[in-house]
Amino acid sequence: MDLRVTFVVIFISCVFFLSNVGSFDADKCFCQLSGQIDDCFCDIETLETFNNDEVYPLVQELILKDFFRYFKVNLFKPCLYFDGDAGLCDNPSCGVRPCDPEDLPIGIRKDEPIVIIECGGDQLGSLNETLSNKTLNLLDKWEQHDDSIHRFCDPEDESSANYQYVDLLANPERFTGYKGPMAERIWNAIYEENCFVPELTVTNYYNPMFGQASRGSSAKAAVQYTSEVLKGMCLEKRVFYRVISGLHTSINIHVCAIYLFEEHLTQRWGPNMAEFQRRFDPAQTGGEGTDRLKNLYFIYLIELRALSKVAEYFKQDNVRLYTGNSDTDRKTKDLLMNLLDKTKYFPMHFDEGVMFRDRKSTTLKREFAERFLNVTRIIDCVTCEKCRLWGKLQTQGLGTALKILFSQREIGDERSKIPFRLTRQEVVSLVNAFARLSSSIKSLEIFRDLLKSSGTSHMHGHTEL
């Protein structure tokens with residue numbers, strides 16, 4: 001079903017849902033959600049208009065295309081942190097249906113690359129005469145070293161039998177019933193073991209990936225990332241927290257918008273306004289709800305900037321979105337370029353150039369990448385298969401965005417000895433992850449309108465469309 005139609009269904013369902021719940025303060029979740037986004041020169045109103053009017057319709061059309069529809073993933077990686085089988089979700093809605101290889105487009109089935117390397121015999125001979133084997137080996141080591149420093153996701157061995165293609169449209173992200181301690185421990189591990197903490201904050205945890213306990217006394221203290229605490233941290237550490245919080249917020253909005261209700265042995269999906277308020281109402285979140293929502297806009301700006309920066313890469317003739325159908329592939333690339341052109345002309349981009357500029361930047365940048373890499377590995381411990389699928393896709397998409405922003409390789413410069421490259425999986429995850437953020441911001445518009453209509457309906461004693 002067309003995703004734009006899905007939102008209409010959600011809106012209508014919400015109106016009927018609101019007639020059966022108690023009174024809501026119409027602006028309770030949104031009254032403070034305005035003005036400038038922290039650590040950026042962009043305001044929320046400008047970004048919302050840009051997303052809802054220009055980006056959202058385009059990116060939703062794009063992810064329906066075959067190239068972006070099929071995602072190759074290993075859902076069977078071992079969990080390195082907990083008992084990966086404890087609390088395994090046995091609800092059918094948690095399951096993922098992989099694709100039958102015969103149902104895949106021919107170009108995807110054969111794992112064709114997206115970059116065509118065009119070297120004639122004379123060119124190859126010239127290269128061999130110019131560069132010695134010793135130099136070529138050295139360049140290869142340079143490339144491996146650069147990748148290891150700026151690697152935000154584990155390299156994927158797609159030849160493994162555990163890798164399967166999944167149809168994202170047939171396995172949509174929505175609330176599956178997966179909740180409670182097993183779900184909470186994932187986010188606890190992500191925040192407590194990976195987000196940077198203020199120097200004066202005392203914590204006590206052990207990170208199995210880095211193999212060392214935190215510094216400080218043995219007293220246990222939960223880190224509260226208030227606006228005042230964040231102001232005391234450097235920009236790079238604030239950015240790390242905001243992107244993780246923004247991703248968390250986006251996922252929460254997805255499950256609130258398409259929530260699983262189980263009644264009398266039947267299941268139905270629909271919007272859950274009470275759940276939305278529980279997660280974002282300032283009165284129910286100790287005043288944190290508004291900051292959580294603002295961080296959604298922040299991560300959106302991060303990925304938006306990455307798309308605008310990578311546009312030059314996709315302009316190259318040898319970069320293709322190949323599925324085996326030349327007419328469809330051409331239309332898909334035209335649609336992608338249309339989206340990327342829009343991102344380039346957005347007037348208030350995040351400026352990644354202000355990050356990692358001081359004398360400690362090399363060490364901090366490496367630690368930034370290591371911590372994010374650790375986050376991607378924690379996703380392997382999610383015991384809901386569908387949640388793991390979408391968690392892996394969205395963290396890989398964010399990791400690809402960070403690679404684009406902070407890679408030292410010049411994007412679009414094929415004369416470089418080590419040119420910038422993206423794999424098919426990186427491209428698919430980048431666009432789909434951005435589409436999920438775009439969808440979250442669009443959902444906020446719907447929740448906001450429904451809360452307002454709720455207040456009007458209670459004043460007049462009925463609900464109107």
Side-chain angles (χ1 to χ4, degrees), residues 1-15 26-27 29-38 40-65 68 169 172-173 246-247 249-251 253-254 256-258 271 276 280 290 293-311 314 331-351 394 397 401 430-453 465:
M1 181 168 58
D2 190 299
L3 292 179
R4 287 169 290 187
V5 175
T6 301
F7 268 107
V8 174
V9 173
I10 292 173
F11 183 88
I12 294 173
S13 299
C14 276
V15 173
D27 286 325
C29 295
F30 299 101
C31 60
Q32 300 175 26
L33 192 63
S34 63
Q36 185 172 324
I37 301 168
D38 294 335
C40 298
F41 296 100
C42 180
D43 62 271
I44 287 173
E45 291 78 7
T46 298
L47 191 149
E48 276 189 344
T49 300
F50 175 72
N51 176 73
N52 296 347
D53 295 348
E54 299 188 51
V55 170
Y56 174 76
L58 197 55
V59 74
Q60 296 304 317
E61 182 180 356
L62 186 60
I63 60 175
L64 297 178
K65 301 298 184 182
F68 295 103
L169 299 183
E173 183 184 24
L247 176 62
T249 293
S250 182
I251 292 172
I253 292 173
H254 302 158
C256 290
I258 311 178
F276 179 82
F280 300 112
T290 301
L293 292 174
K294 284 185 176 180
N295 289 333
L296 165 64
Y297 294 88
F298 184 85
I299 187 178
Y300 181 97
L301 284 173
I302 292 288
E303 296 196 14
L304 180 71
R305 171 58 183 148
L307 288 172
S308 72
K309 188 173 181 180
V310 83
F314 287 100
K331 291 178 180 178
T332 301
K333 187 168 183 180
D334 287 346
L335 193 60
L336 175 63
M337 294 311 302
N338 189 4
L339 172 65
L340 297 181
D341 286 342
K342 286 186 180 296
T343 67
K344 288 181 65 177
Y345 293 108
F346 181 70
M348 300 179 181
H349 274 298
F350 175 79
D351 182 8
Q394 289 172 87
L430 175 67
V431 171
N432 273 282
F434 181 68
R436 300 312 295 147
L437 298 177
S438 176
S439 177
S440 292
I441 291 177
K442 181 67 174 177
S443 293
L444 287 184
E445 179 185 60
I446 292 175
F447 277 118
R448 181 189 288 113
D449 291 344
L450 289 169
L451 284 169
K452 288 180 179 179
S453 67
L465 282 174

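Since we're looking at a predicted model, the values are computed, not measured. The chain is numbered in sequence order, starting from 1.
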Problem set entry | Closest contact, heavy atoms only, L62 versus T332 | CD1-O, 3.8 Å
Exercise. What is the minimum heavy-atom distance between A435 and Q60, and which atoms define it?
Worked result: O-NE2, 3.6 Å
Exercise. Are L293 and I253 close enough, and set up right, to give a side-chain contact (heavy atoms from CB on, under 4.5 Å), and what steps lead you there?
Worked result: CA-CA 9 Å; L293 292 174; I253 292 173; 4.2 Å; yes
Seminar exercise, completed: The reported gap from CG in L437 to CD1 in I302 (rounded to nearest 0.5 angstrom) is 11.0 Å
For this session: Output yes when a side-chain donor or acceptor of S438 lies under 3.5 Å from a complementary backbone atom of F434, and no otherwise.
Result: no
Exercise. Just by distance, do the side chain of T343 and the backbone of L340 share a donor-acceptor pair under 3.5 Å?
Worked result: yes
For this session: Examine distances only and state if a side-chain atom of T49 and a backbone atom of T46 form a donor-acceptor pair shorter than 3.5 Å.
Result: no
For this session: Check the pair V55 / Y300 against side-chain contact (heavy atoms from CB on, under 4.5 Å), numbers first and verdict last.
Result: CA-CA 11 Å; V55 170; Y300 181 97; 3.6 Å; yes
For this session: Search all heavy atoms of F314 against all heavy atoms of M337 and return the closest pair with its distance.
Result: CB-SD, 3.7 Å
Exercise. In Å, rounded to the nearest 0.5 Å, how long is the span from CG of N51 to CD1 of I44?
Worked result: 13.0 Å
Problem set entry | Non-hydrogen atoms of A401 and E303 that approach each other most closely | CB-CG, 4.1 Å
Exercise. Does the pair R448/E48 count as a salt bridge with the N-to-O cut at 4.0 Å?
Worked result: yes
For this session: Show your reasoning for whether side-chain hydrogen bond (donor to acceptor under 3.5 Å, both in side chains) applies to T249 and N295.
Result: CA-CA 8 Å; T249 293; N295 289 333; 6.0 Å; no
For this session: Indicate whether any N or O donor in one side chain lies under 3.5 Å from an N or O acceptor in the other, for S250 and S440.
Result: yes
Exercise. Quick one: do K442 and E445 make a salt bridge, cutoff under 4.0 Å?
Worked result: yes
For this session: Report yes if some heavy atom in the side chain of H254 is under 4.5 Å from a heavy atom in the side chain of Q394; otherwise report no.
Result: yes
For this session: Start with the C-alpha distance between C42 and Y297, add both sets of side-chain angles, then the distance that settles side-chain contact (heavy atoms from CB on, under 4.5 Å), and finish with yes or no.
Result: CA-CA 9 Å; C42 180; Y297 294 88; over 6 Å; no
Problem set entry | E61 CD to L339 CG distance, which is reported to the nearest 0.5 Å | 10.5 Å
Problem set entry | Atom of I63, atom of F68 and distance for their closest heavy-atom approach | CA-CB, 4.0 Å
Problem set entry | Evaluation steps, side-chain contact (heavy atoms from CB on, under 4.5 Å), between I37 and K294 | CA-CA 7 Å; I37 301 168; K294 284 185 176 180; 5.5 Å; no
For this session: Find the distance between CD (E54) and CG (N338) and round it off to the nearest 0.5 Å.
Result: 10.0 Å
Problem set entry | Point-to-point distance, once rounded to the nearest 0.5 Å, from CZ of R305 to CE of M348 | 15.5 Å
Problem set entry | F298 and F350 aromatic ring geometry - parallel, tilted or perpendicular at 30°/60° bounds | perpendicular
Exercise. Do L247 and L296 come within less than 4.5 Å of each other through their side chains, counting heavy atoms only?
Worked result: no
Problem set entry | Heavy-atom pair of closest approach, residues G397 and A433 | CA-CB, 3.8 Å
Problem set entry | Under 3.5 Å: donor-acceptor pair, side chain of H349, backbone of L301 | no
For this session: To the nearest 0.5 angstrom, please state how far the CG atom of L58 sits from the CG atom of L335.
Result: 5.0 Å
Problem set entry | Residue pair I251 / E173, side-chain heavy-atom distance below 4.5 Å | yes
